[in-house]
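Worksheet: one structure, shown below.
Atoms within a ligand are numbered from 1 in the order they appear, just like the ligands themselves. Computed from a predicted model, the values in this text were never measured in an experiment. In what follows, residues are counted from 1 in the order of the sequence shown.
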Amino acid sequence: MSVWDDVVGQPDAVATLRRAATDPAAMTHAWLLTGPPGSGRSVAARAFAAALQCTGTDGETGGCGRCQACTTTLAGTHPDLTVVATDKVVITIDEVRDLIMTAARTPSSGRYRVIVVEDADRMAERTTNVLLKAIEEPPPHTVWVLCAPSAQDVLPTIRSRCRGVVLRVPPARDVADLLVRRDGIDPAVALTAARAAQSHVGLARRLARDADARERRDAVLEIARRIRGVGDAVLAAGELVDVAKAEAVAATAERDAVEKAELMRALGVQEGDTLPPRLRSQLKQLEDDQKRRATRRQRDVLDRSMVDLLSLYRDVLVVQLGATVDLVNAEHDGAVRALAADSTPEQTIRRMDAIGVARERLEGNVAPLLALEAMTVALRPQG
Ligand SMILES: [Zn+2]
């Protein structure tokens, strides 16, 4: 085994990173890992960090996966590793200043001090400029590993100072193999989940392990079949929004409560006490942050539903054009064929366009229900 085992379907990226970890001539101190969501950016970043820290087992270095440096880095407990992973919309300038202070310290026991920033695209320009200086002249043993969906998501000034490594969408079969090997999932379930998730590793794992998640996805695909007229379309849009809202609340409620309790404790307020007026703005600030996070989450869930729908119509188009490629939704073969028989390729493309437009509108902060109604109306059968 090695630290690279979980970095699926990325032979080129792994070769580059592995060489950098073992050959000083191939090493550089600022990296930018890019790849679409689910391609495994953060997994690759952690594997790279472990490879950099690896002290070797039986002469095998560069991420043996067995030495203490490797195992603690992968577990996130290595003292010379800092990982910034955020659910927040932005990484603040204060957080970046803290990081820069950390980056300036010599490693305590490791070979390097490694700073991984998982969402380097979530920084305001001013924050990025602060970071820029640190990346330009790092101390000799410090390595920055920035991750972003694409190189265009970070400022050119940052991009030009980092060595880029591009991750691709891994083949579904590779993702399925990982689920079987690492999570002990049944091979057939793993392959179905990997295809349905379109090789998004984290999603595939959730679909394979969580029957509720599979059901929710099935429900979304089912909606496409149920829309016969404008009335159904409006209902379907409402349903999609409600499902997303419920999922977002379920995912954030517990954490919101913990954060609130922590804030109250920090402010010296006992449970059950009323908050003195002068402290109310602090609570308001937290509640605003939490609301923003829930909104973002809801939009993410909605976007995923639309990617699922898109995959369904992509399959419909595959059938209509008689192409010989695997269906993403092989387990919904019947629905795919029924939709294919019921429409023309031109109509399918128009439907896919409508889904694309709805995704753009959501990204542009149009009210979700409005964006979705326009979409579902466009999905109904056209004479
Ligand atoms: Zn090792």
Side-chain angles (χ1 to χ4, degrees), residues 1-35 38-85 99 102-120 134-135 138-148 162-168 170 174-185 201-202 204-205:
M1 70 166 275
S2 91
V3 298
W4 304 105
D5 287 354
D6 288 356
V7 187
V8 287
Q10 313 291 348
D12 297 345
V14 167
T16 303
L17 296 172
R18 186 176 224 159
R19 220 183 67 231
T22 48
D23 175 7
M27 185 53 190
T28 178
H29 288 270
W31 296 79
L32 178 61
L33 266 52
T34 57
S39 56
R41 292 187 303 254
S42 57
V43 174
R46 276 166 206 260
F48 183 39
L52 288 172
Q53 302 292 17
C54 180
T55 52
T57 308
D58 304 330
E60 186 194 342
T61 56
C64 68
R66 293 184 300 279
C67 72
Q68 210 197 349
C70 276
T71 53
T72 54
T73 305
L74 288 182
T77 56
H78 193 290
D80 298 318
L81 168 74
T82 305
V83 178
V84 184
L99 274 186
T102 307
R105 302 209 309 264
T106 41
S108 62
S109 63
R111 297 170 64 215
Y112 293 97
R113 179 165 290 287
V114 184
I115 315 267
V116 175
V117 182
E118 286 192 354
D119 304 281
I135 289 182
H141 295 285
T142 295
V143 182
W144 288 87
V145 184
L146 310 181
C147 306
C162 292
R163 174 129 171 243
V165 172
V166 180
L167 303 178
R168 57 183 184 135
D174 288 5
V175 173
D177 287 348
L178 173 73
L179 297 181
V180 171
R181 181 160 42 80
R182 190 187 61 187
D183 304 312
I185 287 163
V201 178
R205 179 158 180 264

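Of all protein atoms, those that are N, O or S and lie under 2.8 Å from the Zn ion (ligand 1) total 4.
With rounding to the nearest 0.5 Å, the separation of CG in L178 from CD1 in I185 is 9.0 Å.
The minimum heavy-atom distance linking H29 with P138 is given by the pair CB-CG, 3.7 Å.
Partner of C67 under the side chain to side chain contact (heavy atoms under 4.5 Å, CB included) criterion, chosen from D58, T55, T73, T72: T55.
Counting heavy-atom neighbours within 6.0 Å of Q68 CD, excluding the residue itself, gives a total of 12 or less. Around CZ of R19, the count of heavy atoms belonging to other residues, nucleotides or ligands within 6.0 Å does not exceed 12.
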Enumerate, atom names and distances included, each donor-acceptor pair closer than 3.5 Å involving a side-chain atom of residues 110-118, sequence neighbours excluded.
{"residue": "R111", "atom": "NH1", "partner": "L52", "partner atom": "O", "Å": "2.7"}
{"residue": "R113", "atom": "NE", "partner": "T102", "partner atom": "O", "Å": "3.4"}
{"residue": "R113", "atom": "NE", "partner": "R105", "partner atom": "O", "Å": "2.9"}
{"residue": "R113", "atom": "NH2", "partner": "D80", "partner atom": "OD1", "Å": "3.2"}
{"residue": "R113", "atom": "NH2", "partner": "T106", "partner atom": "O", "Å": "3.3"}
{"residue": "E118", "atom": "OE2", "partner": "R46", "partner atom": "NH2", "Å": "3.4"}

